[in-house]
Student: 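Would you mind keeping the following structure in view while I ask a few things?
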Amino acid sequence: MALTIGSLNLQSRLILGSGGAASHQVVLDVLQASGAELVTVALRRFRPGSGSSSLYQDLAGAGATVLPNTAGAHTSREARTLAELGREALQTNLVKLEVVIDDRTLLPDPIELVDAARELVAAGFEVFAYTNDDPALARILADTGVVAVMPLGSPIGSGMGILNPANISLIVELVDLPVILDAGIGTASDAALAMELGVDGVLVASAITRATDPVKMAGAISLAVRAGREAWEAGRISRRPLAVPSSPFEGLPDFNLAG
């Protein structure tokens with residue numbers, strides 16, 4: 001089950017997002033329930049010298065690795081500024097790169113995203129790139145030197161699951177990097193399907209933090225990720241339009257023989 005992404009070696013293939021949590025304690029509770037080791041937190045929530053930075057401290061105290069993200073950035077320049085802030089404040093080269101085209105869809109801006117990825121990689125960052133479910137764009141990002149591509153299943157926070165599973169499978173096939181399904185997960189079955197498509201991991205935020213019972217949902221999605229990965233490794237049977245008997249016909253008595 002171990003997953004290597006850049007300098008990270010993770011036992012859990014579930015990555016947690018902290019957005020939408022009612023409190024820092026909820027984040028810590030779901031961290032424990034899920035067994036996740038990597039948690040992404042928006043850099044815009046970091047304010048040096050203020051109480052708002054305590055989530056980073058709490059997560060570090062719980063043994064989690066923090067993955068700062070550039071959520072809210074609309075341009076390459078904004079994303080680079082946030083990444084640099086994260087490196088200085090948190091002493092890490094890790095960054096989840098998000099550059100969105102507007103605040104309604106929160107869809108990635110391909111041009112600004114690729115530009116930011118190139119510059120951050122050149123500056124020594126380990127970039128986890130949040131991207132559209134576009135195999136061509138995923139390949140371009142891989143060529144920039146990012147450590148992981150993170151295609152969306154559906155828009156952030158929508159809970160609509162995986163709208164284009166064929167594209168996710170194609171990204172897995174074409175990109176020789178860890179592929180993390182990011183955004184759109186609504187419940188455990190969505191996470192299992194993502195893993196069955198061959199992705200290396202799943203990032204989940206709203207589906208857990210905004211669930212009626214976040215802790216229970218964290219445990220359920222953790223189990224789904226593990227089950228989906230094992231199913232992928234086991235290899236599913238082929239889909240067929242007609243029935244295929246599970247028992248052979250050889251050796252059955254011929255009931256049509258004349259008496």
Side-chain angles (χ1 to χ4, degrees), residues 1-5 8 10-21 26-41 59 64-65 67 69 71 96 98 106-108 128-133 135 138 148-173 175 177-236:
M1 281 291 289
L3 171 62
T4 298
I5 309 178
L8 296 177
L10 305 171
Q11 296 303 310
S12 173
R13 291 175 180 267
L14 172 60
I15 300 171
L16 290 180
S18 57
V26 169
V27 177
L28 296 177
D29 290 344
V30 300
L31 175 67
Q32 182 177 15
S34 68
E37 303 156 82
L38 186 63
V39 184
T40 181
V41 182
L59 289 170
T65 298
L67 175 62
N69 75 55
K96 182 192 171 193
E98 296 183 30
L106 297 179
L107 294 174
F128 295 61
Y130 168 63
T131 180
N132 300 293
D133 58 351
V149 293
M150 307 180 76
L152 56 82
S154 52
I156 290 173
S158 69
M160 294 177 67
I162 302 172
L163 297 181
N164 198 338
N167 271 18
I168 300 300
S169 293
L170 191 55
I171 290 172
V172 170
E173 179 183 340
V175 175
L177 283 175
V179 176
I180 308 297
L181 195 286
D182 183 6
I185 295 294
T187 190
S189 57
D190 296 331
L193 173 59
M195 298 303 295
E196 289 173 7
L197 292 172
V199 301
D200 297 283
V202 173
L203 190 150
V204 184
S206 299
I208 292 176
T209 60
R210 292 177 175 153
T212 303
D213 187 333
V215 171
K216 184 171 287 189
M217 183 62 80
I221 290 180
S222 178
L223 291 172
V225 168
R226 292 173 57 190
R229 180 64 184 185
E230 291 195 12
W232 163 257
E233 292 175 347
R236 66 161 294 137

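One-based numbering along the sequence shown.
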Student: State the CG-CG distance between Leu3 and Leu14, to the nearest 0.5 angstrom.
Tutor: 11.5 Å
Student: Do any side-chain atoms of residues 157-171 form donor-acceptor pairs under 3.5 angstrom with protein atoms, and if so which ones, sequence neighbours left out?
Tutor:
residue: Ser158; atom: OG; partner: Ser154; partner atom: OG; Å: 3.1
residue: Ser158; atom: OG; partner: Pro155; partner atom: O; Å: 2.8
residue: Ser158; atom: OG; partner: Met160; partner atom: N; Å: 3.3
residue: Asn164; atom: OD1; partner: Asn167; partner atom: N; Å: 3.3
residue: Asn167; atom: ND2; partner: Asp133; partner atom: O; Å: 2.7
residue: Ser169; atom: OG; partner: Pro165; partner atom: O; Å: 3.3

Student: For residues Gly20 and Thr209, report the shortest heavy-atom separation together with the two atoms involved.
Tutor: C-OG1, 3.6 Å
Student: Side-chain donor-acceptor contacts of residues 177-184 below 3.5 Å, not counting sequence neighbours, with atom names and distances?
Tutor:
residue: Asp182; atom: OD2; partner: Lys96; partner atom: NZ; Å: 2.7

Student: Within the distance-only criterion (no hydrogens, no angle test), does the side chain of Arg13 pair as donor or acceptor with the backbone N or O of Ala2 below 3.5 angstrom?
Tutor: yes
Student: Taking Thr4 for the side chain and Leu10 for the main chain, is one N or O donor matched with an acceptor at less than 3.5 Å?
Tutor: no
Student: Quick one: side chains of residues 214-223, donor-acceptor pairs under 3.5 Å with protein atoms, not counting sequence neighbours, listed by atom name and distance.
Tutor:
residue: Ser222; atom: OG; partner: Ser34; partner atom: O; Å: 2.8

Student: Calculate, to the nearest 0.5 Å, the distance between atoms CG and OG1 belonging to Leu107 and Thr131 respectively.
Tutor: 10.5 Å
Student: Closest approach of Ala188 and Ala224, non-hydrogen atoms and distance?
Tutor: O-CB, 3.2 Å
Student: For residues Gly35 and Ser12, report the shortest heavy-atom separation together with the two atoms involved.
Tutor: O-CB, 3.4 Å
Student: Please report the interatomic distance CD(Glu230) to CE(Met195), rounded to the nearest 0.5 Å.
Tutor: 10.0 Å
Student: So, taking the atom named CG in Asn69 and the one named OG in Ser18, what distance separates them when rounded to the nearest 0.5 Å?
Tutor: 7.5 Å
Student: If I compare all heavy atoms of Ala64 with all of Val39, which pair ends up nearest, and what's the gap?
Tutor: CB-CG2, 4.1 Å
Student: Using a 3.5 Å distance criterion without hydrogens, assess whether the side chain of Thr187 forms a donor-acceptor pair with backbone atoms of Ser189.
Tutor: no
Student: Please report the closest heavy-atom contact between Glu196 and Trp232, naming both atoms and the distance.
Tutor: O-CE3, 3.2 Å
Student: With side-chain contact (heavy atoms from CB on, under 4.5 Å) as the test, would you mind laying out the steps for Phe128 and Leu8 before giving the verdict?
Tutor: CA-CA 12 Å; Phe128 295 61; Leu8 296 177; 4.0 Å; yes
Student: Hey, which of Leu59, Ile15, Leu203 is the one that makes side chain to side chain contact (heavy atoms under 4.5 Å, CB included) with Leu38?
Tutor: Ile15
Student: Minimum heavy-atom separation for Val30 to Val27, with atom names?
Tutor: CG2-O, 3.2 Å
Student: Would you please test Glu233 and Arg229 for salt bridge (charged side-chain N to carboxylate O under 4.0 Å, His left out) and show each step?
Tutor: CA-CA 6 Å; Glu233 292 175 347; Arg229 180 64 184 185; 3.2 Å; yes
Student: Hey, is the main chain of Thr65 close enough, under 3.5 Å, to the side chain of Glu37 for a donor-acceptor pair?
Tutor: no
